[in-house]
Amino acid sequence: MASADRSTETEEYLPSLYRPSTILPISRHRNALLYLIENYPVTIVVGQTGSGKTTQLPQYLHEAGWSRDGKIIACTQPRRVAATTVATRVAEEMGVRLGEELTLRGFRGVMQVGYSIRFEDMTSMSTRIKYMTDGMLLREALMDPLLSRYSVIMIDEAHERSLSTDILLGILKKIRRKRKELRIVVSSATLQAEEFVRFFMGTEDDAQSGKGNEKEGGGNELAKIISLEGRCYPVDVLYLEEPTENYVEKAVQTVFDIHLKEGEGDILLFLTGRDEIENTVSAIRERSQDLHHRAPQLLPLPLYAGLPHDQQLAVFDPPPENHRKVIVCTNIAEASITIENVVFVIDSGFVKLRAFNPHTGIDSLTSVPISKASATQRAGRAGRTRAGKCFRLYTEAAFGEDMVETVIPEIQRSNLAPVILQLKALGIDNVVRFDFITPPPSELMVRGLELLYSLGALDEYARLTKPLGARMAEMPLDPMTAKIVSPFRSQPTKTQKVKTNGIQLLNSIEFGCTEQILNIAAMTSVQNVFISHEGEKKPAESAKRKFAVEEGDHLTLLNVYQAFTTKGQKSSKWCRDNYLNFKALSRAVSVRAQLKKYLERFTADVDQARSRSDTATGESIRRCLTTGYFAHAARMQPDGSFRSVSGNVILWAHPSSVMFNRKADWVIFHEVVETGNKTFIRDVTSVQKNWLLEYAPEFYRVRE
DNA sequence: GAGCACTGC
């Protein structure tokens with residue numbers, strides 16, 4: 001132990017190129033890992049942060065020959081940033097190992113180690129180890145259903161149970177039956193290891209009947225667990241003696257208690273959202289003025305995903321002399337972002353979680369108690385640099401009795417329309433019987449199937465339609481947006497033919513607005529287009545008004561996109577002057593380019609479509625939007641609220657919408673978010689009632 | 001008249 005500790009210290013002085021990877025805890029398990037992977041189809045690696053599994057295991061596999069004969073070792077990550085940083089680091093390490101070829105070091109390393117994320121494919125023919133986002137591997141499965149290029153597929157951070165991870169696990173279990181030589185590695189936190197084993201042990205029929213067994217191989221031959229110790233420092237966990245009514249107030253108080261009574265080290269405070277964070281930062285700043293001017297000072301910094309990028313980076317800067325940083329953050333710092341030098345963690349015990357209600361079709365975003373796994377993860381953030389302390393703003397009894405072990409997987413609380421579409425495109429005809437590690441509730445399945453049917457992506461036998469449904473699945477868009485971008489008509493179903501005199505869902509080419517629809521689809525795919533600098537709300541509002549279009553947000557977003565790419569010349573200065581988010585708009589440009597490539601592949605008529613786009617009117621664009629968003633329709637009530645068509649729910653235009661204080665009758669909207677006690681619709685556009693009846697006759701006939 | 005956890009293709 002002593003020697004391990006010493007080498008950890010020296011590590012910080014050494015350039016990363018010479019990082020002595022042999023001292024990582026995983027190196028002791030090298031042979032055991034290789035033995036298991038050689039002899040068992042599935043290996044579950046239980047490893048804490050800092051065990052080195054992500055960086056070392058793919059290298060061991062490479063050295064052991066798993067990348068011979070042109071095969072590739074894949075390692076998936078739930079986040080883009082992880083895929084790129086890990087790949088870069090492993091390329092450096094391998095460069096060192098090829099010591100005699102010093103001049104080729106970086107080159108050789110980068111060529112053998114690559115990464116693939118959306119918009120960035122850093123791989124080549126000679127790539128042997130490939131880090132990638134889990135969503136990217138799923139995309140590849142559309143082209144190569146057996147993922148035949150890969151000899152080993154490691155699903156890293158599987159315990160996070162992202163949508164893509166869960167789908168991949170089911171797909172991999174299926175692939176493994178056809179490719180006995182494929183090796184699957186699942187990396188997991190302690191709590192869920194057994195669940196992964198049970199999943200891979202069970203046959204498909206067992207999954208349906210709810211019981212696993214060990215039929216295949218006649219025993220425990222399929223999946224094995226191996227545990228790696230992590231490398232982190234001990235963290236003292238402290239609880240409240242009495243529960244608190246107001247954790248925000250308690251948090252501020254705890255910050256000052258730590259500041260006055262504890263030693264050096266920064267503080268990480270977990271809260272739930274932007275509002276709470278900004279209020280807390282101000283409260284800490286205000287109360288800091290009471291500190292003696294020569295005593296150590298506090299520097300409170302907000303951190304959440306919606307914060308402009310430069311302000312996010314501020315949390316990594318070393319604080320000025322005589323200052324202690326207090327980073328007040330959302331869940332973003334639980335797994336996505338690591339900040340060095342944090343010694344104290346304050347955990348509110350809450351997180352905002354999204355859940356989809358299949359009866360109303362509404363996504364709610366509400367604050368709920370975290371899971372035990374999350375609490376452990378948050379506490380661990382205090383022990384990355386040296387021994388730390390975690391102050392939990394709840395009682396030990398609440399931890400033991402009120403908190404669930406792990407959070408409900410995303411697949412059990414999401415709109416499944418995109419999942420179903422993806423599975424169908426992967427050739428899974430019977431999605432209800434698909435081998436999910438945890439099957440989603442049937443109401444979610446039914447709702448998803450209904451939506452896809454009404455969009456024309458599935459026929460009355462729930463088969464994927466061709467070309468429309470198949471093409472929709474290929475595009476990186478949600479199904480409703482994919483419908484309006486897709487250049488294909490849906491084939492009328494038998495009942496439609498009878499009931500609607502042959503009127504069908506049209507497409508953007510026929511409406512003559514393909515170019516505009518591409519821009520709108522790209523804009524609704526990015527977040528936070530408008531920025532409001534703190535204390536500058538007024539000028540930001542009037543800047544926004546310049547782009548506003550009376551008919552709604554979609555045409556307003558179209559205006560912004562067109563201004564950015566023409567007048568604004570895609571410049572960051574122009575964005576600043578107009579209170580627009582340069583990064584978001586640049587991303588919209590990339591998304592649009594990508595969507596355009598899909599369209600070009602789908603149809604040779606794009607040029608023709610472009611010439612017709614000059615004649616596009618606001619009305620034709622709004623009509624086209626209606627063909628995809630008819631299920632998201634609502635009607636304004638006399639009091640200014642809206643009543644939704646499906647679920648009959650009271651909705652309010654989001655304050656960011658141009659419809660916030662405008663009169664309208666019928667509208668369609670991109671998304672609904674329920675927060676606290678109000679339900680908001682975002683990206684709202686006015687339409688006419690007869691368009692809804694015209695473009696979605698069956699949907700509205702049923703509703704009436 | 002007042003507000004948006006986190007990811008990913």
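The structure presented is a predicted model; accordingly, all values stated were derived computationally and were not measured. Numbered from 1 within each chain, the chains take letters A, B, ... in sequence-line order.
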What nucleotide among [options] has an atom nearest to a side-chain atom of [X]?
| X | options | result |
| --- | --- | --- |
| A:P655 | B:dC4, B:dG3, B:dC9 | B:dG3 |
| A:T133 | B:dC4, B:dC9, B:dG3 | B:dC9 |
| A:I117 | B:dC9, B:dC4, B:dA5 | B:dC9 |
| A:I332 | B:dC9, B:dA2, B:dT7 | B:dT7 |
| A:R139 | B:dC9, B:dC4, B:dC6 | B:dC9 |

ask   = Ion pair present between A:E140 and A:R149, side-chain N to carboxylate O less than 4.0 angstrom?
value = yes
ask   = Salt bridge between A:K597 and A:E600, side-chain N to carboxylate O under 4.0 Å?
value = no
ask   = Is there a donor N/O on one and an acceptor N/O on the other, under 3.5 Å, for the side chain of A:R79 and the base of B:dC6?
value = no
Would you indicate, yes or no, if [N] has its OP1 or OP2 atom less than 4.0 angstrom from a side-chain nitrogen or oxygen of [X]?
| X | N | answer |
| --- | --- | --- |
| A:S367 | B:dA5 | no |
| A:T330 | B:dC6 | yes |
| A:R80 | B:dC9 | yes |

remark   = Of A:E410 and A:F660, the one whose nearest nucleotide on DNA chain B sits closer to the 5' end is A:F660
message = On DNA chain B, compare the nucleotides closest to A:Q77 and A:R413; which residue's is nearer the 5' end?
response = A:R413
Listing, residues 415-427 of chain A side-chain donor-acceptor contacts under 3.5 Å, not counting sequence neighbours, or none:
{"residue": "A:N415", "atom": "OD1", "partner": "A:A417", "partner atom": "N", "Å": "3.1"}
{"residue": "A:K424", "atom": "NZ", "partner": "A:D429", "partner atom": "O", "Å": "2.7"}
{"residue": "A:K424", "atom": "NZ", "partner": "A:A462", "partner atom": "O", "Å": "2.5"}

ask   = Who passes ring pair (Phe, Tyr, Trp, His ring centres under 6.0 Å) against A:Y247, sequence neighbours left out?
value = A:F350
